[in-house]
2 protein chains.
Amino acid sequence: MNGLDRRDFRILTELVADARASQVELAGKIGLSPTACARRIHQLEEAGIIRGYRADLDLPMLGLVTTVMVTITLEKQSEDFLAAFEAAVARCPDVITCHLMSGTDDYHLQVVARDIADFERIHKQHLSRMPGVARIHSSFAMREVVRRAIPETALPR
Amino acid sequence: MNGLDRRDFRILTELVADARASQVELAGKIGLSPTACARRIHQLEEAGIIRGYRADLDLPMLGLVTTVMVTITLEKQSEDFLAAFEAAVARCPDVITCHLMSGTDDYHLQVVARDIADFERIHKQHLSRMPGVARIHSSFAMREVVRRAIPETALPR
DNA sequence: TATGAAAGGCCGTGAAC
DNA sequence: GTTCACGGCCTTTCATA
């Protein structure tokens with residue numbers, strides 16, 4: 001994967017904390033000239049380690065207060081069933097994460113909705129219509145306890 | 001929540017796509033002067049709708065290739081049991097999300113580890129030692145199918 | 001109340017070492 | 001990795017609808 005040193009990790013740490021920090025600011029914090037800092041950032045971007053920079057929005061403030069964890073089991077686990085299902089999931093705008101799980105070969109989805117009625121719409125309109133779906137299990141989140149951009153162990157210092 | 005107009009939503013959309021876009025760039029895209037654009041951004045920040053700006057890192061490239069979905073059930077659901085458990089979860093650096101779920105009153109955690117052995121360490125060292133834990137169920141993700149910063153329905157246009 | 005225009009200082013970028 | 005210089009950006013102020 002790498003050849004990253006402590007300064008690279010420091011840069012990544014700072015950019016996760018504040019992606020809009022100026023380069024002189026970053027350079028000062030990690031003890032480097034702005035030019036060298038900019039070069040490292042470019043390398044991290046081109047290596048694909050930095051995928052981009054995103055604004056972190058408060059979803060509840062935008063009316064999205066309902067998080068639902070959905071487990072979906074398919075009728076069959078053949079290649080084309082998986083592919084067809086995954087294409088449908090990717091097209092559903094309300095899904096923010098989807099993982100293919102080991103063991104029982106089902107999918108875990110995290111769905112965000114405005115309220116329970118909105119989730120019902122998503123369920124009817126998208127989830128239940130996805131190809132090859134045998135069972136859908138939904139459970140509602142009452143409260144978000146922890147939310148981190150990355151695990152704290154990702155970037156040693 | 002609001003009083004947000006189309007231009008605010010456009011700004012948010014652009015900042016989610018690229019948080020490092022310059023203000024003249026943003027201003028050009030949404031048809032506004034840089035000054036007005038900057039003012040709106042400041043208001044969105046102070047309103048708390050924009051929580052911050054984060055670099056989006058490729059975790060697999062940093063050696064974090066193992067995502068585990070963990071469900072934890074507590075022995076009791078009294079206030080202080082929940083509070084003690086939640087404090088412990090917040091202290092675990094490998095947990096990136098934790099939700100209190102409705103119904104059975106357990107917690108859903110998303111844990112990121114370097115590999116299965118690393119997860120075993122996290123399990124022994126953190127998860128199993130959290131106060132009030134009755135049961136732990138872990139399932140491994142084989143593949144990430146979808147990952148979005150925000151649902152596409154969050155920002156109308 | 002929100003926008004647009006102009007001025008000044010700061011930042012980001014590239015060349016040379 | 002650093003220094004230096006230049007071009008552009010960000011910020012503030014002020015005038016306007």
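In the text below, chain A, chain B and the rest are named by the order of the sequence lines, each starting its count at 1. Below, each value reflects all heavy atoms present in this structure, side chains not excepted, and no hydrogens, waters or symmetry copies.
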For the residue pair [X] and [Y], establish whether any side-chain heavy-atom pair is separated by less than 4.5 Å.
| X | Y | value |
| --- | --- | --- |
| A:Leu109 | A:Leu127 | yes |
| B:Ile49 | B:Leu4 | yes |
| B:Asp8 | B:Arg40 | yes |

Nearest 0.5 Å, what's the CG-CD1 distance between B:Leu155 and B:Ile11?
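Result: 11.5 Å between the selected atoms.
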
I'd like to know if the side chain of B:Thr71 pairs up with that of B:Asp106 as donor and acceptor (distance under 3.5 Å, no hydrogens or angles considered).
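Their side chains do not contain a donor-acceptor pair, so the 3.5 Å distance test is not met.
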
Between [N] ([atom2]) and [X] ([atom1]): distance, integer Å:
| X | N | atom1 | atom2 | value |
| --- | --- | --- | --- | --- |
| A:Ile41 | C:dG14 | CD1 | P | 14 Å |
| B:Leu44 | C:dA2 | CG | P | 12 Å |
| B:Arg40 | D:dC10 | CZ | C1' | 19 Å |
| B:Ile30 | C:dG4 | CD1 | C1' | 14 Å |
| B:Glu45 | D:dC10 | CD | C1' | 13 Å |
| B:Arg6 | C:dA2 | CZ | C1' | 18 Å |
| B:Ile11 | C:dA2 | CD1 | P | 13 Å |

Below 4.0 Å: OP1/OP2 of D:dT11 and any side-chain N or O of B:Gln23:
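Answer is yes, contact under 4.0 Å.
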
Inspect the surroundings of CZ in B:Arg6 and state if more than 12 heavy atoms from other residues, nucleotides or ligands are less than 6.0 Å away.
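Atom CZ in B:Arg6 is not crowded, with 12 or fewer foreign heavy atoms closer than 6.0 Å.
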
Produce the list of close N/O pairs, under 3.5 Å, pairing protein atoms with atoms of nucleotides 13-17 of chain D; give distances to one decimal.
none

Closest nucleotide of DNA chain D for A:Ser33 versus for B:Glu25: which of these residues is on the 5' side?
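That would be A:Ser33.
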
Closest listed nucleotide, where the reference is the side chain of A:Ser22 and the choices are C:dC11, D:dC9, C:dG4:
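Comparing C:dC11, D:dC9, C:dG4 against the side chain of A:Ser22, the answer is C:dC11.
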
Side chain of B:Val24 (C-beta onward), nearest among D:dC10, C:dG4, D:dG1:
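It is D:dC10.
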
Please work out if B:Arg20 contacts a base, only the sugar-phosphate, or nothing of the nucleic acid, heavy-atom cut-off 4.0 Å.
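Answer is nothing: B:Arg20 stays at 4.0 Å or more from every strand.
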
Would you say the side-chain atoms of A:Arg20 pair up with the backbone N or O of B:Ala19, donor to acceptor, closer than 3.5 Å?
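Present.
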
